[in-house]
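So you know, we letter chains A, B, ... as the sequences are listed, proteins then strands, and number each from 1.
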Amino acid sequence: MSFNLDTILEVSLGIGLQLILLIVAYVLINPLGRRLITKIINNFTKKRNVSEARSLTLEKLLLNVFSYILGFIFITMLFGIFSLDIGPLLASAGVVGLAIGFGAQGLVSDVVTGFFILLEKQIDVGEYVSAAGFDGIVEEVGLRTTKLRSFDGTLNFIPNRQLEVVSNHSRGTMRALVDINISYQTNLDKALTVLQDVCQNFVTDDRFTDGPNVIGVHQIDNTSITLRVIGQTENMKQWAAEYDLRKAIKQAFDDNNIGSPFTQHVNFVKKETKLED
Amino acid sequence: MSFNLDTILEVSLGIGLQLILLIVAYVLINPLGRRLITKIINNFTKKRNVSEARSLTLEKLLLNVFSYILGFIFITMLFGIFSLDIGPLLASAGVVGLAIGFGAQGLVSDVVTGFFILLEKQIDVGEYVSAAGFDGIVEEVGLRTTKLRSFDGTLNFIPNRQLEVVSNHSRGTMRALVDINISYQTNLDKALTVLQDVCQNFVTDDRFTDGPNVIGVHQIDNTSITLRVIGQTENMKQWAAEYDLRKAIKQAFDDNNIGSPFTQHVNFVKKETKLED
Amino acid sequence: MSFNLDTILEVSLGIGLQLILLIVAYVLINPLGRRLITKIINNFTKKRNVSEARSLTLEKLLLNVFSYILGFIFITMLFGIFSLDIGPLLASAGVVGLAIGFGAQGLVSDVVTGFFILLEKQIDVGEYVSAAGFDGIVEEVGLRTTKLRSFDGTLNFIPNRQLEVVSNHSRGTMRALVDINISYQTNLDKALTVLQDVCQNFVTDDRFTDGPNVIGVHQIDNTSITLRVIGQTENMKQWAAEYDLRKAIKQAFDDNNIGSPFTQHVNFVKKETKLED
Amino acid sequence: MSFNLDTILEVSLGIGLQLILLIVAYVLINPLGRRLITKIINNFTKKRNVSEARSLTLEKLLLNVFSYILGFIFITMLFGIFSLDIGPLLASAGVVGLAIGFGAQGLVSDVVTGFFILLEKQIDVGEYVSAAGFDGIVEEVGLRTTKLRSFDGTLNFIPNRQLEVVSNHSRGTMRALVDINISYQTNLDKALTVLQDVCQNFVTDDRFTDGPNVIGVHQIDNTSITLRVIGQTENMKQWAAEYDLRKAIKQAFDDNNIGSPFTQHVNFVKKETKLED
Amino acid sequence: MSFNLDTILEVSLGIGLQLILLIVAYVLINPLGRRLITKIINNFTKKRNVSEARSLTLEKLLLNVFSYILGFIFITMLFGIFSLDIGPLLASAGVVGLAIGFGAQGLVSDVVTGFFILLEKQIDVGEYVSAAGFDGIVEEVGLRTTKLRSFDGTLNFIPNRQLEVVSNHSRGTMRALVDINISYQTNLDKALTVLQDVCQNFVTDDRFTDGPNVIGVHQIDNTSITLRVIGQTENMKQWAAEYDLRKAIKQAFDDNNIGSPFTQHVNFVKKETKLED
Amino acid sequence: MSFNLDTILEVSLGIGLQLILLIVAYVLINPLGRRLITKIINNFTKKRNVSEARSLTLEKLLLNVFSYILGFIFITMLFGIFSLDIGPLLASAGVVGLAIGFGAQGLVSDVVTGFFILLEKQIDVGEYVSAAGFDGIVEEVGLRTTKLRSFDGTLNFIPNRQLEVVSNHSRGTMRALVDINISYQTNLDKALTVLQDVCQNFVTDDRFTDGPNVIGVHQIDNTSITLRVIGQTENMKQWAAEYDLRKAIKQAFDDNNIGSPFTQHVNFVKKETKLED
Amino acid sequence: MSFNLDTILEVSLGIGLQLILLIVAYVLINPLGRRLITKIINNFTKKRNVSEARSLTLEKLLLNVFSYILGFIFITMLFGIFSLDIGPLLASAGVVGLAIGFGAQGLVSDVVTGFFILLEKQIDVGEYVSAAGFDGIVEEVGLRTTKLRSFDGTLNFIPNRQLEVVSNHSRGTMRALVDINISYQTNLDKALTVLQDVCQNFVTDDRFTDGPNVIGVHQIDNTSITLRVIGQTENMKQWAAEYDLRKAIKQAFDDNNIGSPFTQHVNFVKKETKLED
C-alpha cells in the first residue's frame with residue numbers, strides 16, 4: 001500500500017466537490033420534508049377525531065423516522081463518494097448483522113423495544129408514566145429514546161431498552177388511599193363511625209368515581225392503631241383528593257376527641273442505684 | 001452503485017402505487033379478521049362450559065397472534081415490492097437466526113417465555129398475580145407483553161422475559177394471618193384463652209374454609225410478646241377476614257384487661273452530677 | 001417470489017384438510033396417552049413399595065414429557081404439511097443449535113437444569129423447599145418449570161434455571177432453636193438452672209429426637225443477656241416444638257422471678273439550664 | 001522462522017528512519033489542524049446566532065474527532081512501515097468486526113452512544129445534568145467520554161456507555177419545594193392561612209415563574225403534621241428560592257405561635273417495682 | 001418426509017425389543033458396578049492410612065462418575081437403536097462443542113469447577129464450609145453438584161459454578177473472640193486487670209491452643225466502652241469456648257463491681273412551656 | 001502420535017540448550033532497556049518544562065510497555081524453539097482474535113481502557129482520584145493496571161476495565177462545605193449574622209480562593225435547624241479549611257449564646273395507671 | 001456403529017494394561033519432580049538475597065505449574081491409549097479455542113488473571129490483602145486459585161478471576177486513626193490541648209514513623225463533638241498503636257474533666273393532659 005502525497009491531494013479535491021453537493025442537497029431536503037409531515041398530520045387530525053396526544057405522538061415519531069431514513073441515504077451516498085461499494089455489504093447481511101450485533105447491541109435493542117412500545121401503544125405524549133426508575137410526563141416517544149419530564153422540571157432522555165417495564169398511570173381511574181393513626185386506647189367502634197361520617201361527605205365530591213370507603217383496622221403496632229380509607233378518583237386528581245380527605249379526617253378526629261397516636265412508654269424509675277464505682 | 005435522480009423518481013412512483021394497494025388490503029382485512037375471531041370464541045364459550053377468564057385469555061391471545069401474522073405477511077409483501085428477494089433469506093435460516101439472536105435476543109426471549117406461560121396456563125386474565133416486582137390483576141396475556149393492573153390503577157406493560165417467577169395468588173384458598181402484641185407481664189394462659197374464644201366466633205364465618213386457629217407464642221422480644229392466629233379463607237377474601245379478625249381480637253383484649261405492649265424501660269435517675277466543666 | 005391470489009387460495013384449501021386431520025388425531029391420542037401413563041404408574045406403585053411422593057413426581061413428570069414429545073411430533077408433521085423439509089434442519093444440527101443457543105438460551109438452560117434436578121433427586125412432590133427466594137411445598141417438578149405452593153396459598157411457577165441452589169428442608173431431622181432474653185442483672189447460674197429444668201421436661205416429648213439442650217450465654221448486649229436452647233426434632237415438627245418450648249420457658253422464668261430484659265438507662269437530670277435565648 | 005541478529009539490526013534501522021519522518025509529520029499537522037478548527041468555529045459562531053454552549057460543544061467535538069482521524073491515519077501508516085499489509089484486513093471487515101466486537105465491545109458502545117447523545121442534542125457544554133450516578137456541569141461532550149464537573153470541584157470522566165439515562169436539569173423552569181413540619185395539635189386552618197400569606201409575599205419575586213402555592217396537608221405522622229409548598233422558578237434559581245422561602249415560613253410560624261413539631265410521648269411512670277432479684 | 005402408520009408400527013416393535021434388552025443390561029450392570037467401587041475403596045482405605053473424610057469423598061465421587069459414564073454409554077447405544085449415527089457427531093466435536101457452549105454453559109461450567117475443587121482438594125466430606133451464601137457440613141462433593149447440610153437440618157444442593165469462593169472452616173485452629181461492653185465511667189486499668197485474670201483461668205483449658213489474651217480497648221462509643229479478648233482454639237471448639245469465656249467474664253465483672261454499659265443521657269427538664277396554642 | 005522415551009530425551013536436550021541461551025539474552029537486555037528509558041525521560045524532562053507528574057507517568061508507562069514487548073518477543077522465540085510455527089497463527093488473525101475475545105475479554109478490555117485513560121490524560125501519577133469504589137493517590141498508570149495508594153496506606157491494584165468512571169479530585173479548586181445545626185427556637189437573623197461574621201474572618205485566609213459564604217437555612221427538621229456555609233479553596237486544602245471553619249463557628253456560637261441543637265420532646269406523664277393485670 | 005460384546009472385552013484388556021503402565025509412570029515421576037523443584041528453589045534462595053515471601057511464592061507456583069504440565073502430558077497419553085488422535089485437535093486450535101472459550105471461560109479467565117497477578121507482583125505469600133470481599137494473609141498464589149487465610153482461621157479458596165481489585169495492606173507504612181467524642185459543651189481549645197499532650201507522649205513510640213497528630217474538630221453532631229488523631233505506623237502495627245492511643249486519650253480526658261459525650265435532650269413535661277377518652 002503506497003502513501004503518495006500527490007494522489008492523496010487529487011483524490012481529496014474530487015471528494016470535496018461531491019461532498020459539498022451532497023451536503024447542500026441534505027440541507028435543502030431536510031426542512032422541506034419536516035414541514036410536509038407536520039402539514040399532513042394536522043390535516044389528518046382535523047378530519048378524524050384523533051386525540052391530541054396520539055396525533056402529537058405520531059407527528060414526533062414520523063419526524064424522527066424521517067431523520068433516520070434521510071441520514072441512512074445520506075451515509076450510503078457518502079460511501080459511494082469514497083468509492084466503497086455498499087452492494088456486497090448489504091448482500092452479506094448475515095456477517096454485517098453479526099458485527100452490528102456485537103458492536104451495537106444496545107442500539108438494535110433500543111429500536112426493537114421502541115418499535116413495540118409504539119405498536120402496542122404503551123405510552124402516548126402527555127401521559128404520566130413510571131419507567132426505568134423515573135416518573136414523569138412523556139414529552140416524546142422516539143424509536144431510540146423516550147423523553148420524560150420529571151415533576152421537578154428535569155428532562156430525562158431514556159434509551160428505550162432501559163424502559164423494561166412501563167407503568168402507565170394515565171389509563172383509568174386512580175386510587176386515593178389515606179392511612180391515619182390513632183391512640184392505642186381509642187374505642188374502635190367510635191373512631192370507625194367518625195371516619196364513616198367523613199367519607200360520607202366526600203361521596204358527592206365529583207373527583208371521586210367510587211366514594212371513599214372505610215376499609216377497617218389496617219395495622220396495630222405497639223402504641224397506635226392504623227385505620228385505612230380507600231376511594232377511586234378521576235385520573236390525575238388522586239393527590240388533591242387525598243390532601244383534602246386527610247385534612248378533613250384530622251379535623252373530625254380533633255372535634256370528636258379521638259386520642260392522638262403518641263408513642264407510649266412504661267417507665268420504672270429507680271432513684272438509689274449501685275452504679276457508681 | 002450509481003445514484004441517478006431520474007431512476008429514483010421512476011422507481012418511487014411504481015413503488016408508491018403498489019404500496020397504496022397493499023395498505024388498502026391491510027386496512028380491509030384487519031378488522032374483518034378481528035371480528036371473526038371474537039365471534040368464534042363467543043360461540044365456542046357458549047357451547048362448552050369454559051370459564052370466562054380462560055375464554056377472555058384465548059380471545060385476546062388469538063387477536064394478538066392474528067396481528068403478528070398479518071403484520072408478517074404485510075412486511076414480506078413489502079419486501080417483494082422493493083424487489084428484495086426474501087427466499088434466500090428464509091433458506092439461510094441459520095445465519096438470520098444468528099443475527100436475530102444477537103440483535104434482538106430480548107424479543108425472542110419474550111416470545112419463548114410467553115409461549116410457555118400460555119402453554120402451562122400459568123396465568124389467566126382476571127387473576128391476581130405477582131411478577132417482576134409488580135402486583136396486580138392480569139388484563140391481557142400476549143405473546144410478547146403481559147398487562148397487569150396494579151391496585152392503585154396503574155397499567156403495567158411487562159415484557160414476558162421480565163416475568164421470571166410468576167406467583168399466582170388465585171389458585172386455591174388463601175391464608176389469613178394476624179399477629180398481635182401483648183404486654184411482657186401478661187399471663188400467657190389467660191391471653192391464649194381469650195384468643196381461642198375470638199377464633200371460635202369466626203368458625204361459622206363463611207369466608208373461612210379452615211377456621212382461624214391460635215398457633216401460639218410466636219415471638220418474645222424485650223418488652224412485649226407476639227401471639228399468632230392463622231386461618232384459611234376463600235380466595236380474595238383473606239384481607240377482609242384479617243381486618244375483621246384484627247378488630248375483634250383488639251376489642252376482646254380490651255374487654256379482658258390484657259396488658260398493652262408499650263415499650264418498658266428501667267430508668268436510673270441521678271440528680272447531682274459532675275458533668276459541668 | 002410471486003404473490004398470486006389464486007395460488008394462495010388453492011394451497012390454503014389443501015392445507016386446511018390436512019390440518020383438520022392432524023388436529024383430530026392429536027385430540028384423540030392425547031387423553032388416551034395420559035390415562036395410560038396414570039394406570040401404569042398406579043400398578044407400579046402398588047407392586048413395589050414406592051413412596052407416594054416419588055410416584056407422584058414420576059407420574060407428573062411422565063405426563064409432562066409425554067406432552068412435549070407429542071407436541072414435537074405434531075409440529076414436525078405440521079412442517080410437513082406446509083412442505084418445509086425438516087430433514088436438512090435436523091442434519092445441520094450445529095447451526096440450528098447455535099440459533100437456539102442465542103435465541104432461547106433460557107429454555108435450554110431450564111431443561112438441562114430440570115433434567116439434573118430429577119436425575120439427582122433434589123426435590124420430590126410434597127417436600128418443603130426453598131429456592132429462588134421462595135419457600136413452599138413442591139406441587140410439581142417439570143422439565144421446564146417447578147411449581148411451589150407458598151404457605152400463604154400462592155402458587156409459584158419457577159423456571160428451573162432460576163432455582164440455582166435448592167435448599168430441601170425435608171431430608172432429615174430439623175433444629176428447634178429458642179433464644180430468650182433476660183435482665184442484665186440476673187444471676188446467670190440461677191437462670192441457666194431454670195432453663196435446664198424446662199429442657200428436662202421436653203426430653204420425653206416425642207417430637208424431639210435429640211432433647212433440647214441449653215447451649216449457654218449466647219450474647220450480652222448493653223442492657224440484656226441472651227440465652228440459647230437447641231434441640232433436634234422430627235421433620236416439619238420444629239415449629240410446634242419451638243412454640244411450646246418458648247411458652248414453657250417464659251412461664252418458668254416468671255415463676256422463678258428471673259428479671260425481665262427491659263432496656264435500662266442512666267439519666268442525669270438538670271432542672272436549671274441556660275438554654276433559653 | 002529464523003531469528004538472525006544481523007537481519008534484525010538492518011530492518012530496525014530502516015524502520016527507524018521511516019518512523020522519525022512519520023512522527024515529525026504528525027507533530028506538524030496536529031497543531032495546525034486544531035488551530036484551523038478553532039478559527040472556523042469562531043467565524044461560524046459570529047455570523048450566525050449560535051448559542052455559546054452549542055458552539056463550545058461543536059468545537060470540542062470537532063477537535064476530538066480530528067484527533068481520532070489523524071491517529072487512525074498515523075497508525076495505518078505505521079502498519080505500512082512494518083510491512084503489514086492492511087488491505088486484506090479492511091477487506092475482511094466482517095471478521096475484524098467480530099474481533100473488535102468481542103475485544104472492545106465497550107469502545108464501540110461508547111462511540112455509538114456518544115454519537116446519539118450528540119445527534120439528539122441531549123446535553124450541551126455548560127448544562128447541569130445527572131447521569132451514571134454523578135451530578136454536575138458538563139465540561140466537554142466527546143465521542144467516547146463526557147466530562148462532568150461536580151459541585152465539589154471534582155472532574156468526572158464518564159465513558160458514554162455508562163451514561164444510560166441522561167437527566168438534564170437545564171431544559172425549562174425548575175420546581176422549588178418546601179416541606180415544613182408543625183405540631184400535631186396545631187389548628188390546621190390557621191397554619192394554612194399563615195402559609196398562604198407567606199406565599200403571597202413571594203408572588204412578586206422575579207425568580208418565581210409560577211408563584212409558590214400551598215398544596216396542603218402532605219403527611220400526618222405520629223406526633224407532627226407536614227405541610228407542603230410548591231412553586232416554579234427560573235432555571236438554576238430553585239435552590240436560592242427554596243432557602244429564602246424556608247426561612248420566611250419558619251419566621252412567620254414563630255410570629256404566629258404555630259406549635260413546634262417536637263416528638264410527643266405518653267409516659268406511665270412506676271416508682272415501686274418488683275424488678276430486683 | 002412420509003408419515004405412514006404401518007411403517008411407524010413396524011419400526012416401533014423392532015425398537016421396543018432392543019430397548020428392553022438395553023434397559024435390562026443397564027439394570028444389571030448399575031448395582032454391580034456400584035458395589036465393586038465401594039469394595040475397592042474400603043480395601044484401599046484399610047491398607048493405607050487414608051483419612052475417612054477423603055475416602056468418603058473418593059467413594060462418592062467415583063460412584064458419581066460411574067453413573068455418568070454408564071449413562072453416556074447407555075444413551076450412545078440408544079442413539080444406535082434409533083439408527084442415528086453418532087460417529088460424525090463426535091468427529092465434528094468443534095461444532096457440537098459450540099452448541100453445548102451456548103445451550104448448556106452452566107453444565108460445562110459446573111463440571112470444570114467441580115473438577116478443580118476436587119483436584120485442589122478444596123473441600124472434603126465432613127468439613128464445615130461457607131460458599132454461595134450457605135454454611136454447613138459437606139455431605140457429598142460431585143462433579144456437578146455439592147451437597148451441604150446446614151445446621152438447621154436443611155440439605156442444600158449447590159451447582160458447583162455457584163460456589164465461587166470456598167471458605168473452608170476446617171483447616172486449622174479457629175479464633176475465639178469475645179467483645180464485652182462496660183460503663184463509660186469505668187476505671188480502664190481495673191477492668192483490664194479483671195479481664196486478664198479471667199483469661200489466665202482459661203490458659204489451662206485444653207480447647208485453647210493459644211490462651212485467650214486481652215487485646216485492649218477496642219472501641220469507645222458515646223456511653224460505653226468495648227474491650228476485646230481473642231484466643232486460638234481447636235477446630236470446631238471455638239463456639240463452646242466463646243460461650244464459657246463470655247459467661248466467666250460477665251460473672252467476674254459482677255463480682256468486681258465493674259459498671260454496666262447502660263446508655264446514659266443528660267436531660268434538661270422544663271416544666272412551664274409556651275407550647276399550648 | 002508415538003510416545004517413545006528416547007525421542008523425548010533427545011528433543012529435551014536440544015530444547016534445553018536453546019532455552020538457556022534465550023533466557024540469558026532476556027536477562028541481559030531487560031535491565032539495559034529499562035535504564036535507557038529512564039535516562040531518555042530524564043533528559044527530556046530537563047530540557048522541556050514538563051510537569052513532574054506527567055514525566056513520572058510517562059516513564060512508568062514506557063517501562064511497562066517495554067516489558068510487554070520484550071515478553072512478546074521472548075514468547076514468540078520460545079514457540080520457535082518448540083518448533084511451533086507461529087506464522088499461520090498470525091495470519092489467521094481473525095480466528096485467534098475470536099479465541100482471545102472469548103477467553104481473555106477482560107485483558108483486551110483492560111488494555112483498551114488503559115490506552116484511552118492515557119490518551120485522554122484522565123489521571124497523572126500523584127493525583128488524588130476516586131474510581132472503582134476506591135479513593136487515593138495514583139502511584140502508577142499502566143496499560144493493564146492502575147495502582148492507587150489509599151490514605152490508610154493500602155496499595156490497590158485496579159485492572160483498568162474496573163475503573164469505569166474516573167473522578168479526578170486534582171483538577172481545579174475544591175469546595176469547603178460546613179453544615180452546622182442550631183436549636184429550633186433560635187432567632188434565625190441573629191444566627192445568620194454571627195455566621196456571616198465568622199466567614200468574614202476567613203476571607204483573608206490564603207487557602208480560600210472564593211471566601212466562605214453563608215448559603216442560608218439548609219434544612220429544618222423536627223427539633224433543630226441546619227445552616228450551610230460554602231467556600232472554594234486551593235486543591236487539597238479543603239479539609240484543613242473545613243476543620244478550622246468548623247471550630248471557629250462552634251466557638252462563635254458558644255460566645256453568642258446560640259441555642260444547642262439537642263433533641264426536644266414533649267412528655268405527658270401519667271402517675272396512676274390501670275396497666276397492672 | 002456396532003456394539004459387539006467380544007470386541008468391547010478385547011479392547012478393554014489392551015487398554016487396561018496400557019493404563020496401568022501409564023499410572024505407574026505418573027506415580028513415580030510426580031514426587032520426584034516436586035522434590036527437585038523444592039531443592040532448586042532452596043539453593044537459589046540461599047545464594048541470592050531473595051525475600052522469603054517471594055521464594056515461597058515462587059516454589060508454590062512452580063509446583064503448581066508442574067502439576068498442570070504433568071497432568072496435561074498424562075491426559076494426552078491417555079487419549080493416545082484410547083486411539084483418539086490428538087494431532088488434528090491441536091491443529092484446529094481456533095475451533096477448540098472457541099469451545100474452551102464458551103464452555104470454560106471462567107478457567108481461561110482465572111489463568112490469565114493469575115498470570116498477571118504474578119507478573120506484576122501484586123501479592124506475595126505472607127502478605128495481608130483484601131480482595132473479592134475477603135481479608136487475610138496470603139497462603140499460596142496459584143495460576144488458577146489464590147488461598148487466603150482469614151483472621152478467624154478460615155482458609156478461603158478464591159478463583160483468580162474473582163479477585164478483581166487487589167488491595168495489598170503490606171506495602172508501606174499504615175495509618176493509625178482514632179476518633180474520640182466529647183460533650184457538646186466542652187471548651188474546644190482545652191480539649192485539643194489535652195489531646196496534643198497525649199500525642200506528644202507517643203512521638204517517641206517506635207511503632208510510629210510519623211508521630212500521631214491532632215487533625216482537629218472532625219464532626220459536630222447534635223449532642224457531641226468528634227476530634228480526630230492520625231499517625232503513620234510500621235506495617236501491621238497500626239492496630240496495637242490504635243488500641244494504646246485510644247486508652248491513653250480516654251484516661252487523659254478523665255483526668256482533665258473533659259465532658260462525656262452522652263446524648264442530651266430537652267424535655268417539656270406536662271402533668272395534666274386531656275388524652276383520656
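Using cut-offs of 30° and 60° on the angle between ring planes, the pair D/Y184 and A/F262 is perpendicular.
By number of non-hydrogen pairs under 4.5 angstrom with chain D, the leading residue of A/I158, A/V178, A/L148 is A/I158. Between chain A and the residues D/N235, D/T223, D/I230, D/T263, the most heavy-atom pairs under 4.5 angstrom are made by D/T223. The candidate with the highest count of non-hydrogen atom pairs below 4.5 Å against chain D, out of A/R246, A/Q264, A/E242, A/K247, is A/R246. Ranked by non-hydrogen atom pairs under 4.5 Å with chain D, the options A/D254, A/N156, A/D152 are led by A/D152.
Interface with chain A: from residues 130-138 of chain D, no residue qualifies, criterion being any non-hydrogen pair under 4.5 Å. Heavy-atom neighbours of chain A within the stretch residues 210-220 of chain D, taken at a separation under 4.5 angstrom, comprise D/I215, D/G216, D/V217, D/H218, D/Q219, D/I220.
Residues D/M174 and A/G153 approach most closely at SD-C, 3.9 Å, considering heavy atoms. Annotation for A/S224 and D/N222: closest pair OG-ND2, 4.0 Å, computed over non-hydrogen atoms. Scanning both residues, D/R175 and A/F151, for their nearest heavy atoms gives CD-O, 3.6 Å.
Contacts of A/I180 with chain D are made by side-chain atoms alone, with heavy-atom separations under 4.5 Å and no backbone atom involved. Using a 4.5 Å cut-off between heavy atoms, D/I123 does not touch chain A at all.
A distance of 9.5 Å separates CG of A/L155 from CD of D/E127, quoted to the nearest 0.5 Å. In this structure, D/Q122 CD and A/K147 NZ are separated by 8.0 Å, a value rounded to the nearest 0.5 Å.
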